[in-house]
Amino acid sequence: MTSPPAPGPASPPGSLPTTSHWGAYSVRPGTGARGGPGGAPHGDLGIRPHPADPSPSPLLRNIDGALRHPTRVRRPAVRRGWLEHGPGPTDRRGREPFVEIGWDEALDLTAAELARVRDEHGPTAVFGGSYGWASAGRFHHAQSQLHRFLAQFGGYTASRNSYSLGASLVLLPHLVGAAGAQAVLRAASSWPTLVAHTELIVAFGGIPAKNVHVTPGGVTRHRTPGHLDALAAAGTRVALISPLRADLPEGLDTDWHAIVPATDTALMLGLAHTLLTENLHDRAFLDRCTTGFDTFAHYLDGRADGTPRSAEWAAAICGLDASRIRTLARRMAASRTLVTVTWSLQRIQHGEQPVWAALALAAMLGQIGLPGGGFGHGYGSMGDVGDHGPQLRLPYLPQGPNPVGEFIPCARIADLLLHPGGTYEYDGETRTYPDIRLVHWAGGNPFHHHQDLGRLRRAFGRPDTVIVHEPHWTATARHADIVLPATTTLEREDLGGGRRDTHLIAMHRAVDPVGEARDDHAILAGLAGRLGFGERFTEGRTPRAWLEHLYGSWREELRADGTDVPEFEDFWTAGDYELPSERADFTLFEDFRRDPVRHPLDTPSGRIEITSGPVAALGLADCPGHPVWLEPDEWTGGPAAGRHPLLLIANQPATRLHSQFDVGALSLDAKVAGREAVQLHPADAAARAIRDGDVVRIFNDRGAVLAGAVLTDGVRPGVLRLPTGAWFDPVPQQDPREPPLCAHGNPNTLTADVPTSRLTQGCTGQHALVEVERYTGDPPPVTVRRPPPLLDGATVPRHRHRHRPTVHPHPDRPETP
Ligand SMILES: Nc1nc2c(c(=O)[nH]1)N[C@H]1C(S)=C(S)[C@@H](COP(=O)(O)OP(=O)(O)OC[C@H]3O[C@@H](n4cnc5c(=O)[nH]c(N)nc54)[C@H](O)[C@@H]3O)O[C@H]1N2
Ligand SMILES: Nc1nc2c(c(=O)[nH]1)N[C@H]1C(S)=C(S)[C@@H](COP(=O)(O)OP(=O)(O)OC[C@H]3O[C@@H](n4cnc5c(=O)[nH]c(N)nc54)[C@H](O)[C@@H]3O)O[C@H]1N2
Ligand SMILES: [Mo]
């Protein structure tokens, strides 16, 4: 057995270790009480990054002020109309006060309603997809807890894939096989290999440094910033293809190609056309390792339909110079070149095309499977893409099988609720939406992540009941019937670590639960007890006993492989355990390239499918059998031709993770005029008499938002950048069908709820067509940084809920915290 690494000082004396999606850190145990309204810039938690972290995340600044912010949900709360009139479809969700009640009554009501829906409509009528990131921690992972609970309850309609990678997760297996897709998503080459070998990176969407602080589950050593420095030191050249200059850190040898958003596929086709017509493509590689190149080539050179996709053709669409396109193509052929595409590029309508076209382009260069060359997807999208750290299975909570087989692709949530019995296509199947009567969400914020929030509000009006577990009064909590206050990581114990983390972190409990908040596990144990399966859900373990159990079985597995992991007690006292580092290399495409017959891909041809027979056979106009340029449906001959001539980019925020801790100090400091900041080009601002710092109204037919203007020539003219994550704050309206006005600047008020394509049904939130104007007059205030109106439970009459489900007589209730 290899000997265990010495336990490191995970936290300074007097402080306790924990971790987050944006890094491990330590806190001084205490109350964290000084983080008051508005988020104190320096709270009293004494937050310090893990000593092994070379590049801690600025997002750590959000924690202090948010922990005890007034928007924490302090007691269970029920929408007044639901309490008075009982369950049923309504347009009152998100528009009524809440009534605070005790835990016993809240759990009784919730369990009875779950049982009613299951008994009257079957478990399929319960939507438990519960998409979302929640918090770090392997045991208290909210979605895992909820799925385990609902599986034992009788099942639930689930959701599949992610908002992150909706198109790619379905498309890539068709092109490179299932294992190939995994290899692509892990990385073409590790960062050190790029530093050593790559001469030119053609970065579609850039390598946005703001994103690499985040890795789901945690990251103890942020190494990507160091890798980016190393690329700069090595003199690696980068062609930044993005409407935003900030998508590549300063210091790298950069050519900025400020492309018209959503036109990357046209540029890729133009580059491919140059390679083809100048005979710079690698015919031998294409013959050996790909299938369907000739069909694609006929589309490129115009033999297919009379339109050559030349550099001039591409230039007219993507707003770049034809001669620069040709020069770039020649440089790509003459260098060790990585073609990489951020995940954002597939988060738009027809998002399959830039991924497929980039793969085809890389195949034409013939460098797939060579160190530092080929096709990358997601460098700069997530902290662990390109990481060469250990890849060990981490401890996890078993969820058990879901007895209901029904699911939706996750971004079809509003369609699901609005169109029971409606049909849709997905990966070659025609599927039917079930009739959902109850929505149960824990650990996600659909009023953050979904598109067209006015439509989502209508969709949330359809079910009988919406149950949400939340630490904060997010817009989703405000659109629920029953809100159950959940703890955050600092209020409970857990085991933490990300997919390619270097450490497993002992997440100690540092503060008491805020208000009456309970762990999701305790909430669900309380419900399970009332529904007669409490013992099965908890297996008789306390949370600490679960941690010991999960750690123990994980330790046994590692020991069986020859790694001597410390005992739980020693790990817990040390505060972390440094995982044995095995340098995993990315060999799937290397092996394939060396011998595609002995190491075929798991595709019909065994090779890379530049044209896919199965995809072509589906006959989908929005995703044909090879990469094509397709204009977004909303465009009428380019983005600027219609009534909403500006293209809004709704990308990930630099100042928080999604909507999490929007009331934290870093997030609040970046607001302008108290609202989310929108970046726009000085020329677009001048044409509309907008000055820096003005409140502006950004609008289209779906809705409007108020934001604070920031003028910068770091965005392409015609482009606005409004990141996601400002808590949705709809101004009250007479008519609930009117398009919403968000006073705070949530871009999903403006985005369209359309799928990537009928093949993949992914999220398309990254772009929206809009117009902007200076807001004159008194702007409505931001109200979402206060809790909603809360009434005292003693003053509100209760509806007599008539359903009497069969529940066991002595529920095993959890202890009141
Ligand atoms: N317009 C547009 N929209 C997008 C995107 C885009 O590019 N543009 N990107 C999309 C992407 S990639 C993603 S991944 C999604 C992200 O969407 P989400 O993952 O839904 O966003 P989060 O804000 O992380 O939501 C997590 C919620 O869980 C809560 N939470 C935290 N810890 C706990 C806990 O222990 N228990 C419970 N019960 N709750 C907890 C938090 O308070 C928060 O409200 O957004 C998508 N939406
Ligand atoms: N700080 C922070 N980091 C995060 C997250 C967060 O919320 N905050 N979220 C995490 C999650 S869940 C995910 S899935 C990843 C997402 O990773 P991505 O989806 O890659 O991230 P985004 O920031 O949405 O987009 C990256 C860049 O693409 C550029 N872009 C947008 N549209 C176009 C286009 O049409 N053409 C070109 N060439 N470029 C375009 C934008 O300028 C944008 O900055 O980020 C992760 N990292
Ligand atoms: Mo994501």
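Index from 1, following the sequence. Numbering of ligands and ligand atoms starts at 1, following listing order.
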Item to complete: Please report which non-hydrogen protein atom sits nearest to atom 7 (O) of ligand 1, along with the residue it belongs to and the distance in Å to one decimal place.
Response: R347 NH1, 2.9 Å
Discussion item. Can you confirm whether or not the ring centre of H521 sits under 6.0 Å from the ring centre of F139?
Written reply: yes
Worksheet item: Nearest to atom 16 (C) of ligand 2, what protein heavy atom do you find, and at what distance?
Response: Q652 NE2, 3.5 Å
Worksheet item: Does a side chain donor of either T487 or D519 reach within less than 3.5 Å of an acceptor in the other side chain?
Response: yes
Discussion item. Using a 4.0 Å heavy-atom cut-off, which part of R492 comes near ligand 1: side chain, backbone, both, or neither?
Written reply: side chain
Worksheet, complete the sentence: ligand 1 to T724, heavy atom cutoff 4.0 Å, flagged ligand atoms 1 (N), 2 (C), 3 (N), 6 (C), 8 (N)
Discussion item. I need the atoms of ligand 2 closer than 4.0 Å to a non-hydrogen atom of W343, numbered in the order shown.
Written reply: 14 (S), 19 (O), 20 (O)
Discussion item. Using a 4.0 Å cut-off to any heavy atom of R656, which atoms of ligand 2 qualify?
Written reply: 1 (N), 2 (C), 6 (C), 7 (O), 8 (N)
Worksheet item: Tell me, which protein residue and heavy-atom name are nearest atom 3 (N) of ligand 2, and how many Å apart are they?
Response: N211 CA, 3.3 Å
Worksheet entry | Under 4.0 Å to a heavy atom of Q766 - the qualifying atoms of ligand 1, by number | 7 (O), 8 (N)
Practice prompt. Consider every N or O of H472 and every N or O of ligand 1, then say whether any pair is closer than 3.5 Å.
Written response: no
Worksheet item: Got the closest protein heavy atom to atom 11 (C) of ligand 1, with its distance?
Response: Y163 CB, 3.6 Å
Fill in: Close approach, P747 and ligand 1, non-hydrogen under 4.0 angstrom
no
Discussion item. For atom 43 (C) of ligand 1, what's the nearest protein heavy-atom neighbour? Residue, atom name and distance, please.
Written reply: E470 OE2, 3.3 Å
Worksheet entry | No-hydrogen, no-angle side-chain donor-acceptor test under 3.5 Å, S667 and D662 | yes
Worksheet item: Is there any N or O on T751 that sits under 3.5 Å from an N or O of ligand 1?
Response: no
Discussion item. Check contact between Q451 and ligand 1, using heavy atoms of the residue and a distance below 4.0 angstrom.
Written reply: yes
Fill in: Pairing of D669 and R61 as salt bridge, 4.0 angstrom limit
yes
Discussion item. Please list, in number order, the atoms of ligand 1 under 4.0 Å from a heavy atom of T474.
Written reply: 44 (O)
Discussion item. Return the closest protein heavy atom for atom 23 (O) of ligand 1 as residue, atom name and distance.
Written reply: S659 OG, 2.5 Å
Worksheet item: Which protein heavy atom lies closest to atom 29 (C) of ligand 2, and at what distance to 0.1 Å?
Response: D247 OD2, 3.3 Å
Item to complete: Tell me yes or no: between the side chains of H450 and Y163, is some donor less than 3.5 Å from an acceptor?
Response: yes
Discussion item. Tell me the protein heavy atom at minimum distance from atom 28 (O) of ligand 1, and give that distance in Å.
Written reply: G443 C, 3.3 Å
Discussion item. How far is atom 8 (N) of ligand 1 from the closest protein heavy atom, and which atom is that?
Written reply: A650 O, 3.0 Å
Item to complete: Is it possible for you to check whether R148 lies under 6.0 Å from the centre of the six-membered ring of F537, through NZ or CZ, and within 45° of that ring's axis?
Response: yes
Worksheet item: Okay, side chain of S162, backbone of L165: is any donor-acceptor separation there less than 3.5 Å?
Response: yes
Discussion item. Under a 4.0 angstrom heavy-atom cut-off, which atoms of ligand 2 come close to D264?
Written reply: 34 (C), 35 (O), 36 (N), 37 (C), 38 (N)
Worksheet item: Against heavy atoms of H658, which atoms of ligand 2 measure under 4.0 Å?
Response: 6 (C), 7 (O), 9 (N), 10 (C), 11 (C), 12 (S)
Item to complete: Could you find the nearest protein heavy atom to atom 15 (C) of ligand 1 and give me its residue, atom name and distance?
Response: H449 CB, 3.4 Å
Worksheet entry | Within the 6.0 Å centroid threshold, strictly below: H472 and W727 | yes
Discussion item. Could you work out, for atom 1 (N) of ligand 1, the closest of I348, N748, N445, L750 by heavy-atom distance?
Written reply: N748
Discussion item. Can you confirm, on distance only, whether ligand 1 has an N/O atom lying under 3.5 Å from any N/O atom belonging to G765?
Written reply: yes
Discussion item. For ligand 1, which is the ligand I care about here, please tell me if D520 has any N or O atom under 3.5 Å from one of the ligand's N or O atoms.
Written reply: yes
Worksheet item: With a cut-off of 4.0 Å, which atoms of ligand 2 are near a heavy atom of A262?
Response: 34 (C), 35 (O)
Worksheet entry | Salt bridge flag under 4.0 Å for residues E676 and K671 | yes
Worksheet item: In ligand 2, which numbered atoms sit nearer than 4.0 Å to a non-hydrogen atom of P243?
Response: 37 (C), 39 (N), 40 (C)
Worksheet item: What residue and atom, counting heavy atoms only, is the protein's closest point to atom 32 (N) of ligand 1, and at what distance?
Response: S135 OG, 2.6 Å
Worksheet item: What residue and atom, counting heavy atoms only, is the protein's closest point to atom 2 (C) of ligand 2, and at what distance?
Response: P653 O, 3.2 Å
Item to complete: Step through it carefully: locate the ring centre of F447, locate the ring centre of W441, and say whether they are under 6.0 Å apart.
Response: no
Item to complete: State whether a side-chain donor-acceptor pair under 3.5 Å links H377 with S168.
Response: yes
Worksheet item: Among R186, R499, R223, H227, whose side-chain hydrogen bond (donor to acceptor under 3.5 Å, both in side chains) with D387 holds?
Response: R223
Item to complete: May I ask you to check whether H450 has an N/O atom sitting below 3.5 Å from an N/O atom of ligand 1?
Response: no
Discussion item. As an exercise, identify every atom of ligand 1 less than 4.0 angstrom from a heavy atom of Y131.
Written reply: 14 (S)
Worksheet item: Given that the side chain starts at C-beta and the backbone is N, CA, C, O, which of these parts of P471 lies under 4.0 Å from ligand 1, counting heavy atoms, or is it both or neither?
Response: side chain
Fill in: Test item, R721 contacting ligand 2 (heavy atom, 4.0 angstrom)
no
Worksheet item: What part of T488, side chain from CB on, backbone N/CA/C/O, both or neither, has a heavy atom under 4.0 Å from ligand 1?
Response: neither
Worksheet entry | H469 N/O under 3.5 Å from ligand 1 N/O | yes
Worksheet item: Relative to the heavy atoms of W133, which atoms of ligand 1 are at a distance of less than 4.0 Å?
Response: 14 (S), 19 (O), 24 (O)
Worksheet item: Is there a donor in the side chain of H469 and an acceptor in the side chain of D520, or the other way round, less than 3.5 Å apart?
Response: yes
Worksheet entry | Close-contact set for ligand 2 against S164 heavy atoms, below 4.0 Å | 14 (S)
Discussion item. When you compare the side chains of T476 and T474, does any donor N or O come within less than 3.5 Å of an acceptor on the partner?
Written reply: no
Worksheet item: Is ligand 2 less than 4.0 angstrom away from at least one heavy atom of H213?
Response: no
Worksheet item: Is the closest heavy atom of Q660 to ligand 2 under 4.0 Å?
Response: no
Worksheet item: Can you tell me which residue and heavy atom of the protein come closest to atom 26 (C) of ligand 2, and the distance to 0.1 Å?
Response: S344 OG, 3.3 Å
Fill in: Element-labelled atoms of ligand 2 that are located less than 4.0 Å from some non-hydrogen atom of P208
26 (C)
Response to the item:
of all protein heavy atoms, closest to atom 33 (C) of ligand 2 is H767 NE2, 3.7 Å
Item to complete: Give the residue and atom name of whichever protein heavy atom lies nearest to atom 45 (O) of ligand 2, and the separation in Å to one decimal.
Response: S381 O, 2.9 Å
Response to the item:
Near T487 (heavy-atom distance under 4.0 Å), the atoms of ligand 1 are 34 (C), 35 (O)
Worksheet item: Under 6.0 Å between the ring centres of Y131 and H449?
Response: yes
